[in-house]
Amino acid sequence: MSLPRPVSDTLIELLKPVASELGERLGANAVSERYAEIEPSGSSALNQQIKKDPRWIKAQMRYLQRQQAREQELIAIAGAEERVKEERANRIKAQEVRDKRAISRLCRDLMREFQSEAIRVKLSEIQTIWDRDNWFSNLSRQETEQILQQQQHRLLLLVAPAKISQDCPDSFRHNLNIELPAKLRAFLNQHYPPHGDLCPVQFYGDYFKKSISDIDVERLQTVLSPVPTAILYSDISDYEVNFHVGFWGVINQSVSLVAMQPWNWEEVYHQLEAEGKDRKLSLRIIRQIIVTIHKLLAAFLADLYYLNIDFTHEPQLFNLEAEFAQEWFSKDWAKPYIETLKEIQEQQRIVYKGEMRRLALREAKARAERQRLEEAELKRREEAEAAAKRVKELAHKLKHQKWRCVYTLPGHSSFVNSLAISPDGKILASGSWDKTIKIWDLETTELIGTLTGHSDRVNSVAISYDGKMLVSGSSDETIKFWNLHNGDLLCTFPGHSMEVNSVAINPKRLVIASCGGADNTIKLWNWRSGELLRTLRGHSDNVNSVVFSPDGKILASGSSDATSKVWDVESGKLLRTLSGLNVGVNSVAIAPDGQILASVSNDYTIKLRNLHTGSLLRILNTNSGRGNGVTNLGTNEAVHILQNYVSRGESVAISRDGLTLASGCDDNTINIWNLQTGELLSTLKGHSGTVYSVAIAPSGNLLASGSADQTIKIWRCDS
């Protein structure tokens, strides 16, 4: 049986705008939000939180991979016989359904997990809300708490008793509020069961004790906001029905209120009478139409909600046309709702494909980055292994090198306090307490000349990096500049009060550093103009030694105040202070790679530090009372301390290749160390007095030492 065509057409026109409005307010807006590149706030943040969850991303990637595999399999079976093709296609389809359902379950599980805190807060607020608003006394608090505490994420659907005018027929007032919840419950349990895998709906037909209005929906949202909820309510006068929908969800958490255009049931009643139907049957048909409209709205809202949160959702309403075509209801009534869902579903698929492309691209980039990191790590390990192998080979080679004294150069009449070798390795300069500087030919060991002019002992000599100039610092409080090749005195700078302990030439700039005794300062000079550029203050005792880094940007100093300091040459700023062991620092040297600072202290130790961080790198122990092992001081502490015997002067030198370190000792010996491993390679004996200064030629196989025995010894290494 069917309704008269005018009645059916009227209902179609009544229902169609609601499908469009609900779709726009609850569906299309949510879909459009997914195109936004900005980080959403409010309710949409939950949806974004799920998308960023590693479990969701992993599941999506797994789904994408399995989907691609299924597509490949479908292509592969294209040429198979029909029976085989059909069987495999059905199996692939079943796999697709299982995978989609797994995605759906994960989506709901994550939503429930992420909403747990909001639910906990609401449960703690219930008593306050119940006390504040008397309206809540009409509801069951126990049911409200059960709704909030439900473990499964699902749509909550509530239907309120219709508000029926006293002027309505008794048939409405006696039967409608019995039929409506009962038939709606049966419908939802069949097609949207609360414990189903696809689109579970938790339905309450008796939650409200009386009819409700828009304001009551908004009140209820203050309690149930963490739970996606749809509420159907209506009021019936003596001639028309008004249908209302209240809704909030995860995507649209604010309350949406939608009302249909009033339906003139009295007009339909008269049309049915004109068709020959009696009063009882006509009123029953009208009641059935009201119930069926509720079913249609409930189905549409459920599918709309799950379509918004789950790209895999296949709306149940698509399969319910026959359901609505029974008992006077034309299937055309559901058509606008089905079309709206299909439109949103298509939008979802477009969005999903875009998301999958971005996810696949992101995963490809991540995979490429992981591969790059793995390759970089493999390369690092290979390089580390190769470096370790080289260090081991070099250590073996260095360990088996034999140093021997090839020449002894007499000539000075007092302690030989400082040595410097020219960059080409051909000239040696020596400074002595006898107030002279001597220039030697290292190839022939002949004395080239003696530079006189200082009136007190010469404490330090340095040769410029172009090999043309010699700088000397003396206890006569002056710094002198000499032409290295002809011995001419170029100029004299006033130095420091009491004495000049050390001088150093910047390898990259026209800057000379000097440090003095009683004034505790370091001075930087322009060596061409003689201009004092700046004075560095910070040490609290004599500054004994200065040295520039190979790039000329950093200056290191050692002082009797038991510290070494690191300075920025350009600004003169103190970068860091390296504390010793409460003993003075006599000498400092920087490795050719600019990474290691060596400092010699009065406690008979040489400390090797990272120049840029100040961290102590090595501790070696050659004192027989302490053993020969490497002491582990733990992370961020020294690994080695070189036990040594030193006095004042340039008593430590590092080879140009950065492999060896030589130190002069007050037991008249010279120690040769493997700078990379800290191993003591050999001890050179021959001097009869303290070794005050050592210098290593650029070739690395020639060493000069100056001693209190007034001699210079030249040592050669035989591999």
Side-chain angles (χ1 to χ4, degrees), residues 398 401 403 405 409 416-431 440 442 459-463 465 470-471 501-505 507 544-550 556-558 564 585-601 604-609 611 618 620 642 644-666 668-676 678-684 686-687 690-707 712-717:
L398 292 173
Q401 287 180 341
W403 288 87
C405 181
L409 309 181
V416 180
N417 204 33
S418 180
L419 297 174
I421 296 177
S422 62
D424 60 8
K426 295 180 179 180
I427 294 176
L428 170 70
S430 60
W440 310 83
L442 267 181
N459 295 321
S460 179
V461 291
I463 297 175
Y465 281 73
L470 174 75
V471 178
N501 287 336
S502 178
V503 293
I505 302 176
N544 299 320
S545 180
V546 287
V547 63
F548 285 104
S549 62
S557 59
S564 296
V585 177
N586 294 326
S587 180
V588 288
I590 296 177
D593 62 2
Q595 299 299 312
I596 297 176
L597 171 67
S599 61
V600 183
S601 302
Y604 308 121
T605 63
I606 299 172
K607 298 180 182 65
L608 304 182
R609 301 178 185 267
L611 179 66
R618 292 187 173 86
L620 287 183
L642 311 179
N644 214 323
Y645 303 93
V646 298
S647 187
R648 292 185 60 175
E650 293 292 326
S651 298
V652 64
I654 299 173
S655 63
R656 181 174 289 184
D657 59 14
L659 297 179
T660 56
L661 178 146
S663 60
C665 310
D666 67 358
N668 310 338
T669 65
I670 303 153
N671 282 334
I672 308 296
W673 310 86
N674 182 327
L675 191 63
Q676 304 300 315
E679 181 183 5
L680 178 61
L681 300 173
S682 57
T683 298
L684 311 184
H687 282 293
T690 296
V691 178
Y692 281 129
S693 183
V694 288
I696 302 176
S699 63
N701 66 348
L702 198 69
L703 170 71
S705 59
S707 170
I712 301 166
K713 289 187 181 294
I714 307 299
W715 310 80
R716 188 181 301 279
C717 172

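- Summarising the geometry, atom CG belonging to L597 is positioned 5.5 Å from atom CD1 belonging to I590; distances are rounded to the nearest 0.5 Å.
- Side chains of L703 and C717 form no contact here, defined as non-hydrogen atoms less than 4.5 Å apart.
- For the atom pair Q676 CD and I596 CD1, the distance stands at 6.0 Å (nearest 0.5 Å).
- When every heavy atom of S705 is checked against every heavy atom of V691, the shortest pair comes out as CB-CG1, 4.1 Å.
- Panel note: side chain N544, backbone V585; a donor-acceptor pair is recorded below 3.5 Å.
- At a threshold of 4.5 Å between non-hydrogen side-chain atoms, the residues S651 and N586 do not count as touching.
- Across all non-hydrogen atoms, the minimal contact from A591 to L675 is CB-CD2, 4.4 Å.
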Evaluation steps, side-chain contact (heavy atoms from CB on, under 4.5 Å), between I714 and L428: CA-CA 10 Å; I714 307 299; L428 170 70; 4.1 Å; yes
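- Separating the CG atom in L611 from the CD atom in Q595 is a distance of 7.5 Å, to the nearest 0.5 Å.
- For N701, the side chain to side chain donor-acceptor pair (under 3.5 Å) test picks out S699, with sequence neighbours left out.
- For S693 (side chain) and L419 (main-chain N/O), a donor-acceptor pair under 3.5 Å exists by modelled atom type.
- Remark: side-chain polar atoms of S707 are paired, donor with acceptor, to backbone N or O of T690 under 3.5 angstrom.
- Nearest heavy-atom pair across I672 and W403 is CG2-NE1, 4.0 Å.
- V600 and I606 make their closest contact through CG2-CG1, 4.1 Å (heavy atoms, listed as atom of the first residue, atom of the second, distance).
- Closest heavy-atom contact between W440 and I712: NE1-CD1, 3.6 Å.
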Is there a side-chain contact (heavy atoms from CB on, under 4.5 Å) between L608 and L661? Walk through the geometry before answering. CA-CA 10 Å; L608 304 182; L661 178 146; 3.9 Å; yes
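- Side-chain N or O atoms of S418 include none that pairs as donor or acceptor with a backbone N or O of G431 at under 3.5 Å.
- Between S682 and Q401 there is no side-chain heavy-atom pair separated by less than 4.5 Å.
- In this structure, the side-chain contact (heavy atoms from CB on, under 4.5 Å) partners of P423, at least two apart in sequence or on a different chain, are I463, R656.
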Should V416 and L409 be marked as a side-chain contact (heavy atoms from CB on, under 4.5 Å) after you check the CA-CA gap, both sets of side-chain angles, and the distance that decides it? CA-CA 11 Å; V416 180; L409 309 181; over 6 Å; no
Begin with the C-alpha distance, continue with both residues' side-chain angles, and end with the deciding distance and a verdict on side-chain contact (heavy atoms from CB on, under 4.5 Å) for S599 and V588. CA-CA 4 Å; S599 61; V588 288; 4.0 Å; yes
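- Between S545 and the options S587, S564, S557, a side chain to side chain contact (heavy atoms under 4.5 Å, CB included) holds for only S587.
- C405 places none of its side-chain heavy atoms less than 4.5 Å from the side chain of L684.
- Summarising the geometry of V503 relative to A462, their closest heavy-atom pair is O-CB, 4.0 Å, with the distance given to 0.1 Å.
- Formation of a donor-acceptor pair under 3.5 Å by the S502 side chain with backbone atoms of S460 is not found in this model.
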